[in-house]
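Written out below as structure tokens is the structure these notes cover.
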There are 4 protein chains.
Amino acid sequence: MPAMPPKRRTKARKQPLQQRSRETVAVILEAAARVLEARGLEGYNTNAVAERGGISVGSVYQYFPNKDALTLALITRFEDALLAKVRDAVAASEGKSLTASLNLIVRAQLEAHAERAGLNRILEAEEDRLRPASSGTSAAGELKELVADLLARHRREIARPVDDDAVEDLIVISRAMVDHALQNNLSQAAATRRVLRAIEGYLFGPRPDS
Amino acid sequence: MPAMPPKRRTKARKQPLQQRSRETVAVILEAAARVLEARGLEGYNTNAVAERGGISVGSVYQYFPNKDALTLALITRFEDALLAKVRDAVAASEGKSLTASLNLIVRAQLEAHAERAGLNRILEAEEDRLRPASSGTSAAGELKELVADLLARHRREIARPVDDDAVEDLIVISRAMVDHALQNNLSQAAATRRVLRAIEGYLFGPRPDS
Amino acid sequence: MPAMPPKRRTKARKQPLQQRSRETVAVILEAAARVLEARGLEGYNTNAVAERGGISVGSVYQYFPNKDALTLALITRFEDALLAKVRDAVAASEGKSLTASLNLIVRAQLEAHAERAGLNRILEAEEDRLRPASSGTSAAGELKELVADLLARHRREIARPVDDDAVEDLIVISRAMVDHALQNNLSQAAATRRVLRAIEGYLFGPRPDS
Amino acid sequence: MPAMPPKRRTKARKQPLQQRSRETVAVILEAAARVLEARGLEGYNTNAVAERGGISVGSVYQYFPNKDALTLALITRFEDALLAKVRDAVAASEGKSLTASLNLIVRAQLEAHAERAGLNRILEAEEDRLRPASSGTSAAGELKELVADLLARHRREIARPVDDDAVEDLIVISRAMVDHALQNNLSQAAATRRVLRAIEGYLFGPRPDS
DNA sequence: TATGAATGAGCCTTCATTCAT
DNA sequence: GATGAATGAAGGCTCATTCAT
């Protein structure tokens, strides 16, 4: 079992309360994103980020205690964006059929991932390394809730008991399918179809015997 | 779009034809595995590997042109082991029902991953970075074939057309579910049940309309 | 021979004539002292000092041209305090025997050093680095005078000629002994005894032959 | 009280058993010494040391885990040299009078310090910072023993009880006097005279009353 | 005057890789 | 083939100092 590296601060070093600060933080994040996109994890370093952002390294460290914290902030930004899209999709699916709702949600996910596919893939890979082993994010929590609520609303149409495990599995499956679709450059349509097929299989498939 | 890094040899520098050589390669691989397990990606470096293996760095470079090639060899070793287990499971499922066959295969997968869970997770994460974007491995190819054959044999019990996409999706889903199960330290039993549920949902679920 | 670093201002940038200014300077000095005590030379930096003092870095630079000047001010503050204590001791020893007088002075020194032992040790170490090689401070000068006067008053009881060298040596010896005593956490009583023993040995010892 | 900085390895990273290695270590130490002499603590950094030694930084870190360890090695080197000189002086003073013996020892000390006065002063200053607060070195221990033995041999000529405290005080006093002498560029003769005066005062002075 | 965000030179340290032995 | 000392590019990070507001 890998030894846990010595704890390091990974929270923001200073809350960007001032206007100027908030802008700088935004600049840093965007610069980091661009470096990651342009040069990959390989060429991603704080000096490059600073240069790209037209600021100094010192400024990066004014707001992020270390490189990992910066990456983590990027991950959070992505998660928040994803979550927002899903939230909207869920809201928009009020009154719609389960299939239609799922369709909306899957599209939302695909969009969120597709927007900056290269970047997001890298971030997802880094997440594993940076999160202390399944430390539930609030974002992850809310996603579960959203899905759970949707499923609950359509309980009767679903062939299996809708418990926490089901919600989790559904998220795992759709995330994997979405990633796979993007990796293979599937068209929006094909991607949606395949992801949906997987999800609906899970939901409407035969009630498990065991 | 990420700039392609300058091409580097990532194939083994020489085929270990001699007995002695083959042993050394094995030593190196095992040392690398152990370093990865003990210290994580963080503490994984060629000097540490050499030390752990009781050999010199120079020897590592005798058999692997660079660090990535070594990691890749480790990944291949894992994939081969997995494939072997799956192959056996498929062989053993001759004449059995589809459900029983899947059960065997899923167990095989779980076993392969569980054996050195920590190590394998790291390797899977590295795979993304090291494979030039979906460059089909022969191992991946054979896995597809195995699954395709099994499904073909039970075609009539399956609710959807058994095409390449279906095979791919099935692999994606089960891999994701297996990873997730291991990550959450599910028991063998629970893991098997949930992975199977997902797979069977996909196979026996309602025929897609579109 | 060490190259002389480029000359830098190390004097206070402006005389704190105004009441407010004087207060700010005091705040800065005390903040610096506390940082030094709490985090050592390692964690002693102008930003930390400003934060500790509840002011901005800019303000620190308003009153001190650079970090060294601040440290030097701290050293001076300590020296002044020491000198004041010694001056009082000398005044109080009017009419007393030499031994009694020395006792008072040694106690004064010990007190001054003990008050903030950790801080003062650091400052003494920094003094070496910051003073351009034995540039006599006025404080050092006055100390010499005080000691010289005391010795002159008791000339007849002393076994050796009381010249400048003797005064200097006496100061060197007692300073070293006091430092050593504090470093080893000797009790007031033990410390006083040993320091006095050293001093009296020097004064009352055999007249040097050469 | 200053917080103790996180423990770091300060022992040699690798024992220089091979001939080549031993040479490299010597090169590094001498380079470090020269950098310290030429540019002071200010310009003392591992890159400069490597450059000065005509080797690469990597080599420095092959033998010293960090900069402080290197400095510490330099300190030890100095202490060992000093000790060797004192040991010789003690040996040479066999059968001589106490005064003559002290004379030899003081000269030895002065020589050791004078040899590279600038360097040694810096090292002494760093010692405080680098040694975990009065962690008795073996060198310090042996010095005490040497002095104690000498004094014991001449017990009858000494005016005070020769206990551990006396030995310690004597060492403190002579070290302070030697440092002071070098700092003021006293001539060998003057320095010796003054240091001896201080020591003899301590030894032959009046028996303390208290 | 005060503020504190921004700067950026510079230092420590790591580690993949080489190559003389 | 093996060895392991040596290399040195590269990158994370700090902190004294400045200056626009």
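Lettering of chains follows the sequences in order, A, B, ..., and the numbering in each one begins at 1. Computed from heavy atoms alone, side chains included, the values below leave out hydrogens, waters and symmetry copies. Here the structure is a predicted model, which is why all the values come from computation and not from measurement.
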To the nearest Å, how far apart are [X] [atom1] and [N] [atom2]?
X	N	atom1	atom2	value
B:L41	E:dT14	CG	C1'	15 Å
D:Y61	E:dC11	OH	P	11 Å
C:R22	E:dT1	CZ	P	13 Å
A:K67	E:dT14	NZ	P	16 Å
D:E42	E:dC12	CD	P	12 Å
C:F64	F:dC15	CZ	P	20 Å
B:Q62	E:dC19	CD	P	14 Å
A:Y63	F:dG12	OH	P	20 Å

>> From C-beta outward on D:N66, which listed nucleotide comes closest to its side chain: E:dT3, E:dT13, E:dA5?
In response: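 For D:N66, the side-chain atoms sit closest to E:dT13.
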> Starting at the 5' end of DNA chain F, which residue's closest nucleotide do you reach first, D:S59 or A:T46?
Replying inline: D:S59
> Mapping A:G58 and D:V57 onto DNA chain F by nearest heavy atom, which one lands closer to the 5' end?
Replying inline: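 The 5'-side residue here is D:V57.
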> Of all residues at least two apart in sequence or in a different chain, which pass the ring-ring contact (aromatic ring centres under 6.0 Å, His included) check with B:Y44?
Replying inline: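 B:Y44: no ring-ring contact (aromatic ring centres under 6.0 Å, His included) contacts found.
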> What stem regions, each of at least 3 consecutive Watson-Crick or G-U pairs below 3.5 Å, can be found for DNA chain F?
Replying inline: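 Stems found: E:2-21 with F:2-21.
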>> Please compare B:N45 and A:G54 by the position of their nearest nucleotide in DNA chain E and report the one closer to 5'.
In response: A:G54
>> By the 4.0 Å heavy-atom rule, please label D:N47 as base, sugar-phosphate, or nothing.
In response: base
>> Could you measure the distance from the CG atom of C:L29 to the OH atom of C:Y63? Nearest 0.5 Å is fine.
In response: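 So the CG of C:L29 and the OH of C:Y63 are separated by 12.0 Å.
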> What's the spacing between B:F64 CZ and B:T46 OG1 if we round to 0.5 Å?
Replying inline: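 One finds 12.0 Å between CZ of B:F64 and OG1 of B:T46.
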>> I'd like to check the side-chain hydrogen bond (donor to acceptor under 3.5 Å, both in side chains) partners of C:R116; sequence neighbours left out, ordered by chain and number.
In response: C:E30, C:E37
> Is a salt bridge present between D:E124 and D:R121, judged by a nitrogen-to-oxygen distance below 4.0 Å?
Replying inline: no
> Is B:E51 salt-bridged to B:R34, going by a charged N under 4.0 Å from an acidic O?
Replying inline: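 Judged by the 4.0 Å cut-off on N to carboxylate O distance, B:E51 and B:R34 do not form a salt bridge.
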> Reckon D:T24 has a side-chain N or O less than 4.0 Å from the OP1 or OP2 of F:dA6?
Replying inline: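 For F:dA6, OP1 or OP2 has a side-chain N or O of D:T24 closer than 4.0 Å.
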> Are any of D:S56's side-chain N or O atoms less than 4.0 Å away from OP1 or OP2 of F:dG8?
Replying inline: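 No.
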> Does any non-hydrogen side-chain atom of A:L74 lie less than 4.5 Å from one of A:E126?
Replying inline: no
